[in-house]
Amino acid sequence: VSTWATSIKHARWMLPDTVARGPLSRYGDLMASIFPNLPRCLPSSPRWDTGAHFLYCNQNNHQLGADGYDNYQAPMADGAELFRRRMWVRGVLDFHDFQKIPVGAGLVCNEKVASVRTIENSVFVGIQREFGASLPLLTESRSLVYTNEAYGTTQRKQVEIPVPSESTSVCLNPTELLKYSMLTSNLHKIHYDPAYCRSEGLRDVVVHGPLMVSLILYWLTSTRKQHVGRFRYKNIEPCFV
């Protein structure tokens, strides 16, 4: 892992994209089906604090791992995977510019691996992403854990979750997860293949980390007039459908 970590920290990726109307419209349809009583907050020019940025500048899926996800930032040795499993752990979103970006505008995301930490038998990889058009739009930090241990085989530390001042609830189904996978070019099998999930010790398909973040952002921006400046999150347990 240390050899890979030293090498990967020097790597840089530039992911160009275009703010296309199709993904934005389908994302709006998906959110409207999940939140039928909320006003639709995705006009022709997207607000980035609605979770819409997850639609663009995604992985190319040229190096798929055994779990279906792209291995371009995964720990490797001589072209071989060092870990069979990965999960989305935490992240921070900093929104810099609240100007709406018009459909058809060019967009670019610059990526780098900012940190690699080994904790017992797992490796946590921190990724930094800078989105921009004519101006900086968003800085995103995300962390994924790589492990060979099946879910449920290790004792996890109990975390006390504070009581929220306000909350809402949603009920997702496998079709909605599949739609989100298609919108974000996410081929990770834990989001659409129940048999694969059971083989990994998961009781059913798992809701995407970015989708959980998007649900909260969409709810916030639909029920509040303010923009979201910074959003910090941590996934404590998998969310199943």
Do side-chain atoms of [X] reach the backbone of [Y] as a donor and acceptor pair under 3.5 angstrom?
X	Y	value
Ser222	Trp219	no
Asp193	Tyr196	yes
His191	Val206	yes
Asn148	Arg84	yes
Asp49	Val228	yes
Glu200	Cys197	no
Asn58	Phe54	yes

*asked:* To the closest 0.5 Å, what do you measure between CG (Leu15) and CG (Leu107)?
replied: 10.0 Å
_With rounding to the nearest 0.5 angstrom, report the CH2 to OG1 distance, Trp4 to Thr6._
10.0 Å
*Would you say the side chain of Val205 lies within less than 4.5 Å of the side chain of Phe240, judging by non-hydrogen atoms?*
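No, their side chains stay 4.5 Å or more apart.
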*Any side-chain heavy-atom pair of Cys109 and Glu130 under 4.5 Å*: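 They are not in side-chain contact.
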*Honestly, is Arg117 close enough over Phe124, meaning NZ or CZ under 6.0 Å from the six-membered ring centre and within 45° of the axis?*
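Yes, a cation-pi geometry.
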*Is Arg129 positioned over the aromatic face of Trp13, cation under 6.0 angstrom from the ring centre and no more than 45 degrees off axis?*
no
*asked:* Is it true that Tyr72 and Glu111 share a donor-acceptor pair across their side chains at a distance under 3.5 Å?
replied: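 Yes.
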_Heavy-atom closest contact (Pro238 atom, Met87 atom, distance)_ = CG-CE, 3.7 Å
